[in-house]
Trainee: 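Got a structure here, written out as structure tokens. Questions coming.
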Amino acid sequence: MGERVLTLRELSRATLARQLLLERKRLSPTAVIERLVGMQAQWPPAPYVGIWTRTTSFRREALERALANGTVVKATVMRQTLHLVTLRDYALVRAAMSETNFPWETSQAKLLASSVRALAADRPVTSAEGLAHVEREHGLTGLQARRAWRSARARAHLVHHHETALWRAPRDVRFVALEEPETHDPTEARAEMLRRYLAAFGPASRRDLGQWSMMHVPEISRALDRLEPLRRFRDEQGRELLDVPRAPLPHAETPAPIRFLPKWDNVLLAFADRTRVLPEAYRKTVIGVNGDVAQTFLVDGFVAGIWRVEAGRVVTAPFAKLTRPVQRELEEEAGRLEAFLAD
């Protein structure tokens with residue numbers, strides 16, 4: 001028998017179920033962040049809105065406590081972008097990416113890491129202080145110095161001070177040194193990281209895995225070998241999709257409620273083919289040429305418009321005319337979001 005073909009709607013519902021976007025769950029912020037293998041955090045409020053839209057009874061203070069006590073850290077990880085990850089997942093992800101040619105794996109980063117780490121041994125440091133140190137101690141200037149500072153601080157496990165991830169984050173960015181993370185075998189770490197990705201985003205293609213992780217094809221292949229047996233499907237274009245056993249595959253017609261997503265939400269960025277959530281017709285409206293990702297809302301499981309806040313009100317801009325029942329549901333969910341933002 002041939003592999004089962006999953007329709008676009010089936011892929012949509014599977015992704016929504018695993019992303020907690022079909023039904024809100026009563027989970028802690030750390031549980032959500034681990035389930036999603038991190039949450040994009042370039043814009044400080046984004047993870048808060050992302051957790052709110054997926055859970056019941058979430059309060060911002062709960063995430064801020066996890067940040068303050070170090071359970072959750074803000075660091076450069078997947079796609080070389082800022083995420084909130086749990087401390088134990090930070091160790092896993094960094095080990096998984098340790099044999100990929102990310103900037104923190106360069107010889108220069110390795111050479112500078114110890115001196116940069118020593119700079120932050122006793123107190124948080126700013127980028128200005130780090131740059132000055134690189135220029136003074138290593139004779140680098142301009143773009144070379146900026147690149148060296150960024151790669152060396154990542155190599156040295158300098159992460160953003162927790163205050164930069166607060167709901168009302170200060171403008172000045174400071175970095176603190178984490179303790180050296182727990183060691184993992186790189187291939188085993190990659191296997192676990194990809195298993196977690198499939199559980200949170202699958203079924204997915206190998207190109208999707210590469211888009212999310214930015215790891216090389218041979219590294220992904222060796223890690224997947226450790227995960228066998230995997231479920232295998234095809235999409236409507238005939239592409240192979242991989243999945244972990246027993247992960248949910250809801251019926252294509254499972255109702256999907258209105259959901260508001262923050263800027264850079266993971267579910268819009270974790271696939272090479274984003275059409276299971278983001279229709280191609282709207283992609284360039286939602287994702288700018290500079291990589292910016294708009295705040296969006298889902299109707300029937302797919303991005304159907306963008307939203308913004310004006311004078312404390314959530315203002316929606318649908319891409320197409322909505323039916324009256326859908327418009328009422330959108331207004332009700334917008335009201336709940338307004339209450340959360342104003343809390």
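Being a predicted model, the structure only gives us computed values, none of them experimental. In what follows, residues are counted from 1 in the order of the sequence shown.
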Trainee: Could you check whether any side-chain N or O of S221 sits under 3.5 Å from a backbone N or O of V217, counting only pairs where one atom can act as donor and the other as acceptor?
Mentor: yes

Trainee: Out of curiosity, R274 CZ to L268 CG, how far, rounded to the nearest 0.5 Å?
Mentor: 8.0 Å

Trainee: Ring-plane angle category for W167 and F340, please: parallel below 30°, perpendicular beyond 60°, tilted otherwise.
Mentor: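 It falls in the perpendicular class, over 60°.
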
Trainee: Any idea which heavy atoms bring A113 and A156 closest together, and the distance?
Mentor: O-CB, 3.5 Å

Trainee: Just so I know, are the side chains of R207 and D273 near enough to count as touching, which here means a heavy-atom distance under 4.5 Å?
Mentor: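 Sidechains of D273 and R207: no contact.
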
Trainee: Which atom names give the shortest non-hydrogen contact between R13 and H251, and what distance separates them?
Mentor: CG-O, 3.5 Å

Trainee: Applying the salt bridge (charged side-chain N to carboxylate O under 4.0 Å, His left out) test to D243, which of R232, R234, R4, R18 qualifies?
Mentor: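 Result: among R232, R234, R4, R18, R18 is the only option passing the salt bridge (charged side-chain N to carboxylate O under 4.0 Å, His left out) with D243.
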
Trainee: Can you check side chain to side chain contact (heavy atoms under 4.5 Å, CB included) on V315 and V309, steps first, answer last?
Mentor: CA-CA 6 Å; V315 179; V309 178; over 6 Å; no

Trainee: Going by atom types only, do R276 and T15 share a side-chain donor-acceptor pair under 3.5 Å?
Mentor: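 R276 vs T15: donor-acceptor pair found between side chains.
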
Trainee: Can you tell me if R153 uses its side chain to pair, donor with acceptor, with the backbone of A177 under 3.5 Å?
Mentor: no

Trainee: Given R155 and E105, is the side chain to side chain contact (heavy atoms under 4.5 Å, CB included) satisfied, shown in steps?
Mentor: CA-CA 7 Å; R155 179 76 189 183; E105 291 295 317; 3.2 Å; yes

Trainee: Determine whether more than 12 heavy atoms belonging to other residues, nucleotides or ligands lie under 6.0 Å from atom CG of D122.
Mentor: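 Result for CG/D122: open.
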
Trainee: So does R88 pair up with E182, basic N to acidic O under 4.0 Å?
Mentor: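 Salt bridge: no.
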
Trainee: Considering only residues two or more places apart or on different chains, which pairs with a residue in residues 322-332 satisfy salt bridge (Lys or Arg N to Asp or Glu O under 4.0 Å)?
Mentor: none

Trainee: Around R313, counting heavy atoms of other residues, nucleotides and ligands shown, do more than 12 lie under 6.0 Å from its CZ?
Mentor: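 Counting neighbours around CZ of R313, 12 or fewer heavy atoms of other residues, nucleotides or ligands fall under 6.0 Å, so no.
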
Trainee: Pair Q108, H138 - check side chain to side chain contact (heavy atoms under 4.5 Å, CB included), show working.
Mentor: CA-CA 10 Å; Q108 183 184 63; H138 301 282; over 6 Å; no

Trainee: If only atom types and distance count, is the side chain of R26 paired as donor or acceptor with the main-chain N or O of T56 below 3.5 Å?
Mentor: no

Trainee: Checking side-chain contact (heavy atoms from CB on, under 4.5 Å) against F260, which of T296, D265, T316 comes through?
Mentor: T316

Trainee: Looking at R174 and T164, would you say the former's side chain and the latter's main chain have a donor-acceptor pair under 3.5 Å?
Mentor: no

Trainee: Step through the shown structure and confirm whether more than 12 heavy atoms of other residues, nucleotides or ligands are within 6.0 Å of CZ on R246.
Mentor: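 Count not over threshold, so no.
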
Trainee: Would a 4.5 Å heavy-atom cut-off, applied to side chains only, mark R146 and L143 as touching?
Mentor: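 Yes; the side chains approach each other to less than 4.5 Å.
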
Trainee: Does the E3 side chain pair with the main chain of E240, one donor and one acceptor, at a distance under 3.5 Å?
Mentor: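 A pair under 3.5 Å: no.
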
Trainee: Does a donor on one side chain and an acceptor on the other come within less than 3.5 Å for R54 and Q19?
Mentor: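 On atom types as modelled, these side chains qualify, holding a pair under 3.5 Å.
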
Trainee: Is L298 close to L16 at the side-chain level, that is, under 4.5 Å between some pair of heavy atoms?
Mentor: yes

Trainee: Could you check if a side-chain atom of L278 sits within less than 4.5 angstrom of a side-chain atom of I287, using non-hydrogen atoms only?
Mentor: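 They are in side-chain contact.
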
Trainee: Are any side-chain N or O atoms of T106 and backbone N or O atoms of P103, one a donor and one an acceptor, separated by less than 3.5 Å?
Mentor: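 Flag set: sc T106 to bb P103 pair under 3.5 Å.
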
Trainee: To the closest 0.5 Å, what do you measure between CE (M78) and CD (Q211)?
Mentor: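 Answer rounded to 0.5 Å: 12.5 Å.
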
Trainee: Rounded at 0.5 Å granularity, tell me how far CZ in R35 sits from OG1 in T30.
Mentor: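 Going from CZ on R35 over to OG1 on T30, the span is 13.5 Å.
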
Trainee: First locate atom CG of L194, then atom CZ of R206, and finally report the distance between them rounded to the nearest 0.5 Å.
Mentor: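 Between L194 CG and R206 CZ, I get 10.0 Å after rounding to 0.5 Å.
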
Trainee: Check for me, please, whether V93 and F102 land in the same ILVMFWY cluster - side-chain distances under 4.5 Å, paths through other members count.
Mentor: yes

Trainee: Looking only at heavy atoms, which two atoms of K74 and L82 are closest? And how far apart?
Mentor: CE-CD1, 3.9 Å

Trainee: To check you understand the geometry: which heavy-atom pair defines the closest contact between V125 and W149, and what is its length?
Mentor: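 Here V125 and W149 meet closest at CG2-CH2, 4.0 Å.
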
Trainee: Counting only heavy atoms from other residues, nucleotides and ligands, does the tally under 6.0 Å from CD of E61 exceed 12?
Mentor: yes

Trainee: In the single-linkage hydrophobic clustering (I, L, V, M, F, W, Y; side-chain heavy atoms under 4.5 Å), do V293 and Y48 co-cluster?
Mentor: no

Trainee: With the threshold set at 4.0 Å, does a side-chain nitrogen-carboxylate oxygen contact exist between R195 and E192?
Mentor: yes

Trainee: Are L21 and L36 connected, step by step, through hydrophobic side chains (Ile, Leu, Val, Met, Phe, Trp, Tyr) whose heavy atoms are closer than 4.5 Å?
Mentor: no

Trainee: Should F271 and L261 be counted in the same cluster of Ile, Leu, Val, Met, Phe, Trp and Tyr side chains packed under 4.5 Å apart?
Mentor: no

Trainee: Under 4.0 Å between a Lys/Arg side-chain N and an Asp/Glu carboxylate O for R60 and D343?
Mentor: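 No.
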
Trainee: Should we say atom CZ of R147 is surrounded by more than 12 heavy atoms from elsewhere, each under 6.0 Å from it?
Mentor: no

Trainee: Taking NZ, NE, NH1 and NH2 as the nitrogens, is one of them in D185 or R190 under 4.0 Å from a carboxylate oxygen of the other?
Mentor: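 No.
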
Trainee: Let me confirm one number: the CG-OG distance from L27 to S57, rounded to the nearest 0.5 Å.
Mentor: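 One gets 11.0 Å once the value is rounded to the nearest 0.5 Å.
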
Trainee: Going by the angle between their ring planes, with limits at 30° and 60°, are F319 and Y282 parallel, tilted or perpendicular?
Mentor: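 The arrangement is tilted - the two ring planes meet at 30° to 60°.
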
Trainee: Describe, in one word, how the ring planes of F201 and W212 are oriented to each other, choosing from parallel (under 30°), tilted (30 to 60°) and perpendicular (over 60°).
Mentor: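 Geometry flag for W212 against F201: tilted rings.
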
Trainee: How far apart are the closest heavy atoms of A75 and V159, and which atoms are they?
Mentor: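 A75 and V159 have their closest heavy atoms at CB-CG1, 3.7 Å.
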
Trainee: Using modelled atom types only, decide if a donor and an acceptor are shared between the side chain of Q295 and the backbone of W307 within a distance under 3.5 Å.
Mentor: yes

Trainee: Under 6.0 Å from the CZ atom of R226, do we count more than 12 heavy atoms belonging to anything else shown?
Mentor: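 Yes, enclosed.
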
Trainee: Linking I/L/V/M/F/W/Y whenever their side-chain heavy atoms sit closer than 4.5 Å, directly or via other members, would V267 and F58 fall into one cluster?
Mentor: no

Trainee: Can you check whether F233 reaches E10 side chain to side chain, under 4.5 Å on heavy atoms?
Mentor: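 No, too far: nothing below the 4.5 Å cut-off.
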
Trainee: Verify the neighbour count for atom CD of E179: are there more than 12 heavy atoms of other residues, nucleotides or ligands below 6.0 Å?
Mentor: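 No, because the 6.0 Å sphere around CD of E179 holds 12 heavy atoms or fewer from other groups.
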
Trainee: Do you know the tightest heavy-atom contact between N266 and G38?
Mentor: ND2-O, 2.7 Å

Trainee: Are L11 and P203 close enough that some pair of their side-chain heavy atoms sits under 4.5 Å apart?
Mentor: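 The answer is yes, as the side chains (C-beta and beyond) meet within the 4.5 Å cut-off.
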
Trainee: Less than 4.0 angstrom from a charged side-chain N to a carboxylate O is my criterion; do R24 and E333 meet it?
Mentor: yes

Trainee: Show the numbers, then the answer: is there a ring-ring contact (aromatic ring centres under 6.0 Å, His included) between F175 and H160?
Mentor: CA-CA 5 Å; F175 299 90; H160 282 237; 4.8 Å; yes

Trainee: Are L249 and R231 close enough that some pair of their side-chain heavy atoms sits under 4.5 Å apart?
Mentor: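 Side chain of L249 against side chain of R231, heavy atoms only: contact under 4.5 Å found.
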
Trainee: Tell me if a side-chain donor or acceptor on H216 pairs with a main-chain N or O of P218 at a distance below 3.5 Å.
Mentor: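 No, the answer is negative, given that no donor and acceptor are paired below the 3.5 Å cut-off.
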
Trainee: Can you find a pair of side-chain heavy atoms, one from L87 and one from V72, that are under 4.5 Å apart?
Mentor: no

Trainee: For the pair L84 and L63, evaluate side chain to side chain contact (heavy atoms under 4.5 Å, CB included) and give the outcome as yes or no after the intermediate values.
Mentor: CA-CA 10 Å; L84 296 189; L63 176 54; 4.1 Å; yes

Trainee: How far does CD of E219 sit from CE of M97, to the nearest 0.5 angstrom?
Mentor: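 CE of M97 is found 11.0 Å from CD of E219.
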
